[in-house]
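Reminder, nothing fancy here: chain letters follow the sequence lines and each chain counts from 1. Only this structure's heavy atoms are used, side chains among them; waters, hydrogens and symmetry mates stay out.
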Number of protein chains: 2
Amino acid sequence: MNPTPETHPTPTQPSQTRDALLDAAEALFVEHGLEGASLRAITQRAGANLAAVNYHFGSKEGLVRAVFHRRLGPLQAERLRLLDEEEALDGGTLEGVLRAFIGPALRMKAASNAGPGDVSQLIGRIFHEPNDELRTMLFAEFAPSLQRFLPALQRLLPELSREELLWRFHFGVGAMSQTLSCGSMLERFSEGRCSMANPEEVLDRLVRFFVAGLRSPASDPGPTVHS
Amino acid sequence: MNPTPETHPTPTQPSQTRDALLDAAEALFVEHGLEGASLRAITQRAGANLAAVNYHFGSKEGLVRAVFHRRLGPLQAERLRLLDEEEALDGGTLEGVLRAFIGPALRMKAASNAGPGDVSQLIGRIFHEPNDELRTMLFAEFAPSLQRFLPALQRLLPELSREELLWRFHFGVGAMSQTLSCGSMLERFSEGRCSMANPEEVLDRLVRFFVAGLRSPASDPGPTVHS
DNA sequence: GTCTATATAGCGATAGAC
DNA sequence: GTCTATCGCTATATAGAC
């Protein structure tokens, strides 16, 4: 990772090598982590030259950003599309809004399990890394959709203060993230009883849990005093 | 990381250098990640020689394992102590059992924020890393307490199937993990409205959310059919 | 047990020919 | 745009003196 935060000459124009590099990088990032995947391994897998990464993306960090942007753009767009659809139906329901938020992520996970490996886990990994630049970049990808979903939830839960809503939404997002990133641990721990194979079934369970948490009785004013 | 999984000559015997290495390693792992913290930096911070790590822990991975074991042992013990206490009170309540599970972790986080930095985030990081050995090792640290807590929860929620309980517990653990690992993101996103400063207040909120999720109406038999 | 010195290897980045 | 060759650096691990 070099201190070169600029985007490079050909940021969006199509290129066979460029796409091959993105595919190879994604697969190797999933498999070995961001640091564990060397530019040498990536370019070799892509059938490209070692110098190609620097030409197309400026640096390894530029490549990382491009990999995530390619995945997260469509995910956010799908979330917003479903939210529009839900709100068009008489304002929508709490359950419907949450389905619009969670569904696309679970389906992406299910699809990516069949493909290059678990991209969801990779995304979760970034949020736990010490590299603050990357975390901020990733957060910026998510922020726009949050600015649509949070008001939608607030409208459906007018009895919650904004603070209480943020806390509960944070908890629910945690439940979702755990499922996206560590679902395989549940499968293992439950000895196969719990399976992520069907994303729609998981979505039902997760939304039910999330709704119940959001609707739990608010004891907002006056935090409990403890012994 | 070398392929030397054996524990080394002096695994538990006290040593000034050994402890200094553990302290330095923990602080640098938090700050720079497992890969980002080099043995050079660790030994230098500990005032020890570069070769000391290999002498005391066999390899960098051995050092990593020792760092986590030193933290997680007391955490699990505290959880089980509180669970015993809770169950001694007429079998205990759902809320009390969850407080025994979550409280120690939140308090550890609050304490470690004041100390070497956020160890909780570091632990969360491991669960998202590609290194399966480490994840398995960490999971083994948690498994014994799960084997006490899950039956306790099942006893208090007899109407839930074991499968349903596992899913919901998984979701709740996700809410907790998100708070432990990414609490700072909520603080930032809420522009200070939500603060983790008081672990007991966060515990109240989290337990309320978790209880509501566990108690949500079970529609277990017959998964919903979708369009 | 602790040190110095070094072996061995991998990394990201770049210069410059084509 | 793609290549080769290489620079400059860092890493873990270890041998051998003390």
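Rounded to an integer number of Å, the gap from B/Tyr55 OH to C/dC3 P is 13 Å. Rounded to a whole Å, the CD atom of B/Gln44 is 10 Å from the P atom of D/dA11. Between A/His32 atom NE2 and C/dG10 atom P there is a gap of 14 Å when expressed in whole angstrom units. Remark: P of C/dC11 and CG of A/Leu34 are 15 Å apart, rounded to the nearest angstrom. Atom CD of A/Glu35 is separated from atom P of C/dG12 by 9 Å (rounded to the nearest Å). Distance, A/Glu61 CD to C/dC11 C1': 16 Å, rounded to whole Å. Straight-line distance from the CZ atom of A/Phe57 to the C1' atom of C/dG12: 16 Å, rounded to whole Å. One can place CD1 of B/Ile42 at 11 Å from P of D/dA13, the figure rounded to the nearest angstrom.
Where A/Gly36 and B/Leu50 each meet DNA chain C at their nearest nucleotide, the meeting point lying more 5' is that of B/Leu50.
Picking from C/dT4, D/dT4, D/dA13 the nucleotide with the shortest atom distance to the side chain of B/Asn49 gives C/dT4. Here the side chain of A/Leu39 is nearest to one of C/dG12, D/dT14, D/dT2, namely C/dG12. Taking only side-chain atoms of A/Asn54, from C-beta outward, the nucleotide of D/dT2, C/dA13, D/dC3 with the closest atom is C/dA13. Between D/dA13, D/dT14, D/dA11, one nucleotide has an atom nearer to the side chain of B/Ser38 than all others, and that is D/dA11.
Taking the six-membered ring for Trp and the full ring otherwise, A/Phe189 and B/Phe139 have centroids separated by under 6.0 Å.
Across all strands, A/Ala51 comes closer than 4.0 Å to base atoms (heavy-atom distances).
Across B/Arg71, B/Gln76, B/Arg65, B/His69, a single residue satisfies side-chain hydrogen bond (donor to acceptor under 3.5 Å, both in side chains) together with B/Glu141, and that is B/His69.
Regarding contacts with the backbone of C/dT2, a side-chain N or O of B/Thr17 is found under 4.0 angstrom from either OP1 or OP2.
The base of C/dG10 is not paired with the side chain of A/Arg40 by any donor and acceptor separated by under 3.5 Å.
Aromatic ring pairs are classed by plane angle as parallel below 30°, tilted from 30° to 60° and perpendicular above 60°; the pair A/Phe169 and A/Phe210 is tilted.
Here the shortest heavy-atom pairing between B/Phe57 and B/Ala66 reads CE2-CB, 3.7 Å.
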So A/Arg205 and A/Thr179, side chain to side chain contact (heavy atoms under 4.5 Å, CB included) or not? Walk me through it. CA-CA 11 Å; A/Arg205 295 188 188 277; A/Thr179 306; over 6 Å; no
